[in-house]
Amino acid sequence: MRVVSIVGARPQFVKLAPVSRAMRAASEEGEGAVEDVIVHTGQHYDTSMSDVFFDELQIPRPAVHLEIGSGSHGAQTGRMLEAVESTLLETSPDMVVVYGDTNSTAAGALAAAKLQIPIAHIEAGLRSFNRGMPEEINRVVADHVSDLLLAPTETAMENLRREDLVERSFNTGDVMLDAILFNSELAEQKSSILEEMKLAPGEYAVATLHRPVNTDEGNLIRVLDILAEVATEHTPIVFPAHPRTTAILNSGSTSWSAPDELMMTEPLGYLDMLKLLRHARLALTDSGGLQKEALFLATPCITLRDETEWPETIEAGGNVLTGSSRDKVLNAVETWLSSGSGPAVAADAGAAPFGDGTAARQIVSRILDQLGIENDLAPRWGQEK
Ligand code: UD1
């Protein structure tokens with residue numbers, strides 16, 4: 001049996017790593033020989049956004065690299081659709097797996113659906129209920145054309161139930177929890193980011209921005225000014241800048257420059273980011289992944305958006321939504337800095353909102369089921385629909 005995983009953007013490499021490892025383990029345990037074929041669309045192409053993740057997360061090299069690169073949403077997705085279709089015709093997979101909510105997810109799912117190849121969507125059922133976000137469109141498209149919907153939380157299951165998709169949905173827990181459990185000690189040992197940046201644990205915050213709502217010209221400077229104020233008045237901030245942000249700042253249309261306390265860096269690798277986040281006083285971000293990683297590592301989080309696909313992080317008391325309101329951000333910073341660390345979510349079997357750290361095995365088990373391969377890979381929980 002051949003399973004093709006389609007990935008292209010940074011967060012997808014993090015999600016792919018545990019799944020690819022679990023597929024290899026299933027074959028080694030004799031639970032079903034699955035040929036794991038990785039197709040990289042090339043949506044993210046800088047070494048710091050792509051290669052470093054394959055190296056650190058020990059993901060096998062992609063069998064096919066489509067080198068699509070940047071473009072407007074329509075152009076980028078259209079080029080991917082055509083190239084993925086050719087690849088699927090050449091590789092004849094038994095199943096296609098797509099991850100998360102990027103343009104690579106939507107293009108991969110659509111190409112497979114039109115060729116009538118069964119599709120599994122990992123991280124199914126997430127909704128921000130904001131159709132202004134390109135990611136929301138990608139999620140809805142991927143969920144509705146997929147055959148197997150692998151949801152990370154009960155909230156995601158509930159969203160799928162509301163859209164009448166629950167019959168093909170399973171709560172497997174979240175692969176990003178698997179990734180953290182596998183890598184956080186490794187990050188402690190291998191990353192020297194604190195020494196390199198001369199940072200003491202607990203004496204800095206970390207920030208990331210990449211959503212168009214915060215990084216597009218017009219909003220970017222306003223949000224950066226807020227970060228600069230937090231950095232100079234409250235706590236120094238390490239700010240690994242997304243290429244989109246750097247490109248706007250270097251375009252010559254703005255003369256903004258960061259104060260010394262707002263330390264802008266290149267995008268960081270996964271292990272450096274985990275170590276940095278674990279020892280930070282606070283995270284400020286518009287990333288979905290970072291909201292959860294902060295919770296798993298007990299670092300309080302401020303989300304620079306008006307809504308989140310991960311309400312569990314707020315219910316657990318580890319995250320607050322501020323949008324890009326200066327007053328709300330400053331209030332949240334003061335509250336977190338006076339209250340110390342955030343709560344960590346324990347990985348209890350079936351009880352924690354993000355599962356028990358075995359999501360990848362559960363996912364592979366469901367994929368094998370779907371392919372008609374009997375297996376005993378994972379105990380099942382969260383099966384009620
Ligand atoms: C994409 C995903 C988002 C995901 C994010 C993680 C979509 C719609 N969005 O957003 O869900 O959370 O990735 O980072 O798919 N660029 C480079 N080098 C790179 C990659 C990008 O310079 O390696 C620049 C390009 O100028 C590009 C811009 O960044 O135009 C944006 O990249 P793009 O792939 O369109 O989306 P992201 O903003 O990264």
Side-chain angles (χ1 to χ4, degrees), residues 6-16 40-55 57 62 65-81 83-84 98-111 121-124 126-128 130-143 152 174-176 179 207-217 219-220 223 239-251 253 264-270 273 285-293 303-305 307-310:
I6 298 174
V7 290
R10 185 168 58 173
Q12 294 172 317
F13 311 141
V14 177
K15 291 163 199 162
L16 167 67
H40 190 322
T41 63
Q43 175 169 350
H44 286 171
Y45 44 87
D46 287 350
T47 304
S48 61
M49 300 285 283
S50 177
D51 294 1
V52 67
F53 288 82
F54 280 82
D55 293 342
L57 292 162
H65 200 302
L66 302 174
E67 297 181 358
I68 299 296
S70 307
S72 68
H73 281 273
Q76 186 183 54
T77 311
R79 287 202 303 271
M80 283 178 194
L81 190 55
V84 171
V98 295
Y99 300 72
D101 59 14
T102 74
N103 290 341
S104 300
T105 316
L110 257 186
H121 182 203
I122 293 177
E123 212 178 70
L126 294 203
R127 296 290 181 270
S128 64
N130 174 2
R131 290 275 172 114
M133 289 175 70
E135 292 86 352
E136 184 79 351
I137 310 288
N138 293 336
R139 292 178 193 126
V140 172
V141 167
D143 281 344
D174 188 347
V175 285
M176 288 193 64
T208 74
L209 289 177
H210 76 271
R211 300 281 172 197
V213 64
N214 287 325
T215 57
D216 283 353
E217 232 162 330
N219 288 335
L220 178 61
V223 178
F239 176 39
H242 190 283
R244 177 207 292 279
T245 307
T246 313
I248 294 175
L249 287 178
N250 292 340
S251 68
S253 58
M264 286 181 74
T265 71
E266 296 282 305
L268 295 177
Y270 183 66
M273 195 65 196
T285 189
D286 59 9
S287 153
L290 217 73
Q291 292 171 51
K292 290 180 294 171
E293 288 167 342
T303 296
L304 304 162
R305 289 178 51 199
E307 72 278 306
T308 178
E309 301 77 22
W310 303 103

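Each ligand, and each atom within it, is numbered from 1 in the order the structure gives.
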Shortest protein heavy-atom distance from atom 3 (C) of ligand 1, along with the residue and atom involved: Glu135 OE2, 3.3 Å
To the nearest 0.1 Å, how far is atom 6 (C) of ligand 1 from its closest protein heavy atom, and which atom is that? Pro11 CD, 3.4 Å
Does atom CD of Glu266 have more than 12 heavy-atom neighbours, drawn from other residues, nucleotides or ligands, at distances under 6.0 Å? no
Rounded to the nearest 0.5 Å, the CG atom of Asn214 sits from the NE2 atom of His242 at a distance of 12.5 Å
Hey, which atoms in ligand 1 end up nearer than 4.0 Å to a heavy atom of Asp101? 11 (O)
Starting at CG of Asp286, measure out to OG1 of Thr215 and round the result to the nearest 0.5 Å. 7.5 Å
Starting from atom 18 (N) of ligand 1, what is the nearest protein heavy atom, named by residue and atom, and what distance separates them? Asp46 OD2, 3.0 Å
Just jot down the ligand 1 atoms closer than 4.0 angstrom to any heavy atom of His73, in number order. 8 (C)
Under-4.0 Å salt bridge between Asp216 and Arg244: yes
For Ala247, is the nearest heavy atom under 4.0 Å from an atom of ligand 1? no
Heavy-atom distances under 4.0 Å are what count here, so tell me which part of Thr215 touches ligand 1: side chain, backbone, both or neither. neither
Have a look at ligand 1 and work out which part of His44, if any, has a heavy atom under 4.0 Å from it: side chain, backbone, both or neither. both
Where does the angle between the aromatic ring planes of His40 and His65 fall among parallel (under 30°), tilted (30 to 60°) and perpendicular (over 60°)? parallel
Without hydrogens or angle criteria, can the side chains of Tyr45 and Ser70 be said to hold a donor-acceptor pair below 3.5 Å? yes
What atoms in ligand 1 come closer than 4.0 Å to a heavy atom of Gln76? 34 (O), 35 (O)
Residue, atom name and distance, where the atom is the protein heavy atom closest to atom 25 (C) of ligand 1: Ser70 OG, 3.1 Å
Show your working on side-chain contact (heavy atoms from CB on, under 4.5 Å) between Gln76 and Thr41 and close with a plain yes or no. CA-CA 10 Å; Gln76 186 183 54; Thr41 63; over 6 Å; no
Side chains of Ser128 and Glu136: is there a donor and an acceptor less than 3.5 Å apart? yes
Once the angle between the rings of Tyr270 and Phe53 is folded into 0 to 90°, is it parallel (under 30°), tilted (30 to 60°) or perpendicular (over 60°)? tilted
Show, in sequence, the C-alpha distance, side-chain angles and deciding distance for Val140 and Arg131, and conclude whether the side-chain contact (heavy atoms from CB on, under 4.5 Å) test is met. CA-CA 10 Å; Val140 172; Arg131 290 275 172 114; 3.8 Å; yes
shortest atom 33 (P) of ligand 1-to-protein heavy-atom contact is with Gln43 NE2, 3.8 Å
Arg305 with Glu135: basic N within carboxylate O range, under 4.0 Å: no
Among all protein heavy atoms, pick the one closest to atom 10 (O) of ligand 1 and tell me residue, atom and distance. His210 CD2, 4.2 Å
Tell me which protein heavy atom sits closest to atom 28 (C) of ligand 1, plus the residue, atom name and distance to 0.1 Å. Arg244 CB, 4.1 Å
Would you say Thr105 touches ligand 1, if touching means a heavy atom closer than 4.0 Å? no
Among all the protein's non-hydrogen atoms, which is closest to atom 8 (C) of ligand 1, and how far away is it? Asn103 OD1, 3.4 Å
Which of the ligand 1 atoms, numbered from 1, are nearer than 4.0 Å to a heavy atom of Asn138: 8 (C)
Side chain, backbone, both or neither: which applies to Ser287 and ligand 1 if a contact is any heavy-atom pair less than 4.0 Å apart? neither
Option of least heavy-atom distance to atom 37 (P) of ligand 1 (set: Met80, Met49, His242): His242
